[in-house]
Protein chains: 2
Amino acid sequence: MSKNTRQREAIREVFERTTRPLGPKDVLAAAQRALPGLGIATVYRNLKLLEEEGSLKAVHLPGDVQLYERADQMHHHFFHCRRCNRYFDIQACPGDFDRLVPQGYKLEAHELMLSGLCDTCASSQSAKKD
Amino acid sequence: MSKNTRQREAIREVFERTTRPLGPKDVLAAAQRALPGLGIATVYRNLKLLEEEGSLKAVHLPGDVQLYERADQMHHHFFHCRRCNRYFDIQACPGDFDRLVPQGYKLEAHELMLSGLCDTCASSQSAKKD
DNA sequence: ATCTCTGCAAATGTTTTGCATCAGC
DNA sequence: GCTGATGCAAAACATTTGCAGAGAT
């Protein structure tokens with residue numbers, strides 16, 4: 001039912017060029033390099049559409065805005081540095097959370113967010129890039 | 001430096017009566033039962049203030065709004081039912097995530113969100129309270 | 001009396017929606 | 001040509017801020 005428009009294609013390509021999770025504003029800026037006339041409303045509409053069709057996955061970071069990443073990426077988590085405020089991928093996953101859920105509950109997914117200090121911020125007392 | 005106002009007290013009491021995480025709107029509605037004239041701006045200001053003073057903790061659920069809960073609650077996680085859209089407390093915690101973070105990183109905290117179907121929704125094919 | 005806090009309303013920022021037009025199929 | 005998609009602007013929300021007056025100490 002959905003048509004292939006240049007706009008949607010441009011947005012898709014933005015996500016093929018990065019593995020970082022992106023917000024609407026990021027996507028708009030990146031996609032406008034290929035398609036200057038692109039509007040923010042179209043970005044919102046397509047992010048939602050691409051998520052529903054399964055191409056994108058919503059990422060919930062403890063921030064304000066909703067971020068998205070490619071759905072075909074390996075299952076992973078994030079480490080948030082409270083000092084430099086950056087997010088790092090954590091490929092490892094402890095898995096096996098089934099024993100945590102009560103009898104009768106059906107566990108289907110999980111999200112894990114680790115936080116603290118990254119190596120740079122942990123070693124340097126001075127570095128600060130916030 | 002901070003004064004004890006009726007407004008702040010009313011907001012504090014809202015959190016003493018529940019263990020569920022609450023959003024600004026929830027807090028406003030609940031506190032207005034005791035203090036009808038209370039304004040939403042005051043709620044926002046006090047939620048932030050109470051978080052800074054350590055009485056409240058921000059909870060990051062995969063939604064839009066920022067929720068808060070009492071800081072003195074035991075460390076716990078949540079289970080989100082995608083069918084009835086409710087959040088359940090999970091008291092257990094797998095702990096020991098240190099081995100997941102790269103060399104040199106300092107792990108200080110973590111958040112875990114489990115999701116799937118709760119017992120009610122998992123057993124009944126019909127129940128739906130969205 | 002001082003100085004913080006409050007309520008209101010306006011400002012800001014984000015996301016959604018109505019609508020006329022455009023473009024895929 | 002039909003029908004979904006786009007861009008714009010307005011609307012709908014959520015959150016923050018300026019300010020004058022009220023209240024706590």
Side-chain angles (χ1 to χ4, degrees), chain A residues 1-16 20-69 71 85 87 130, chain B residues 1-16 20-69 80 85 87 130:
Chain A
M1 326 268 98
S2 77
K3 302 176 178 177
N4 267 347
T5 63
R6 278 169 305 141
Q7 289 83 344
R8 186 163 306 153
E9 199 46 44
I11 291 171
R12 248 193 217 103
E13 276 177 21
V14 168
F15 282 98
E16 300 203 344
R20 291 197 315 110
L22 303 172
K25 302 279 283 295
D26 304 320
V27 175
L28 178 68
Q32 276 184 337
R33 282 206 290 272
L35 223 71
L38 183 65
I40 186 71
T42 300
V43 171
Y44 276 101
R45 283 189 276 235
N46 277 294
L47 287 178
K48 196 159 287 184
L49 195 148
L50 291 171
E51 189 196 0
E52 279 165 14
E53 91 174 19
S55 304
L56 294 181
K57 213 165 41 177
V59 185
H60 308 109
L61 300 184
D64 25 16
V65 279
Q66 176 66 270
L67 303 186
Y68 293 87
E69 66 176 2
N85 203 38
Y87 290 91
D130 189 20
Chain B
M1 323 272 96
S2 77
K3 302 176 177 177
N4 267 347
T5 62
R6 279 170 303 140
Q7 289 82 344
R8 187 162 305 155
E9 199 46 44
I11 290 170
R12 249 194 215 100
E13 276 177 20
V14 168
F15 282 98
E16 300 202 345
R20 290 198 314 112
L22 304 173
K25 301 279 281 296
D26 304 321
V27 175
L28 178 68
Q32 275 184 338
R33 281 205 289 271
L35 222 71
L38 182 65
I40 186 72
T42 299
V43 172
Y44 276 102
R45 283 189 276 235
N46 277 294
L47 287 178
K48 197 160 286 184
L49 195 148
L50 291 172
E51 189 196 1
E52 279 165 14
E53 91 174 20
S55 304
L56 294 182
K57 214 167 40 177
V59 185
H60 308 110
L61 300 184
D64 25 14
V65 279
Q66 178 66 272
L67 303 186
Y68 294 87
E69 66 177 2
H80 175 237
N85 203 37
Y87 289 91
D130 187 24

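We name chains A, B, ... by the order of the sequence lines, and we start the count at 1 in each one.
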Given atom [atom1] of [X] and atom [atom2] of [N], what is their separation to the nearest angstrom?
X	N	atom1	atom2	value
Asn46(B)	dT4(C)	CG	P	15 Å
Asp26(B)	dA14(D)	CG	C1'	14 Å
Glu51(A)	dT15(C)	CD	P	13 Å
Gln66(A)	dT16(C)	CD	P	10 Å
Leu47(B)	dT15(D)	CG	P	10 Å
Arg8(B)	dT25(D)	CZ	C1'	13 Å
Lys48(A)	dT16(C)	NZ	C1'	7 Å

Original post:
Which part of the nucleic acid, if any, lies within contact of Ile40(A), taking any heavy atom under 4.0 Å across all strands shown: a base, the sugar-phosphate backbone alone, or nothing?
Top reply: nothing
Using nucleotides 22-25 of chain C, report all nitrogen or oxygen pairs with the protein that are shorter than 3.5 Å.
{"from": "dG24(C)", "atom 1": "N2", "to": "Lys3(A)", "atom 2": "NZ", "distance (Å)": "3.4"}
{"from": "dG24(C)", "atom 1": "N3", "to": "Lys3(A)", "atom 2": "NZ", "distance (Å)": "3.4"}
{"from": "dC25(C)", "atom 1": "OP1", "to": "Asn4(A)", "atom 2": "N", "distance (Å)": "3.1"}

Between [X] and [Y], does any side-chain N to carboxylate O distance fall below 4.0 Å?
X	Y	result
Glu9(B)	Arg6(B)	no
Glu51(B)	Arg45(B)	no
Arg12(A)	Glu53(A)	yes

Subject >> Expected output: side-chain Asp26(B) to main-chain Gly23(B) donor-acceptor under 3.5 Å >> reply: yes
Original post:
Donor-acceptor pair, Gln32(A) side chain versus Leu38(A) backbone, under 3.5 Å?
Top reply: yes
Subject >> Where Tyr68(A) and Val59(A) come nearest, the two heavy atoms and their spacing >> reply: C-CG2, 4.3 Å
**OP:** Would you indicate which nucleotide in dT17(C), dT16(D), dA5(D) comes nearest to any side-chain atom of Arg45(A)?
**Re:** dT17(C)
Subject >> Listed nucleotide nearest any side-chain atom of Ala41(A), set dC8(D), dT6(D), dA14(D) >> reply: dC8(D)
Subject >> Phosphate OP1/OP2 of dT15(D) contacted by Tyr44(B) side-chain N/O (<4.0 Å) >> reply: yes
Subject >> Distance test, side-chain N/O of Gln7(B) to OP1/OP2 of dG23(D), below 4.0 Å >> reply: no
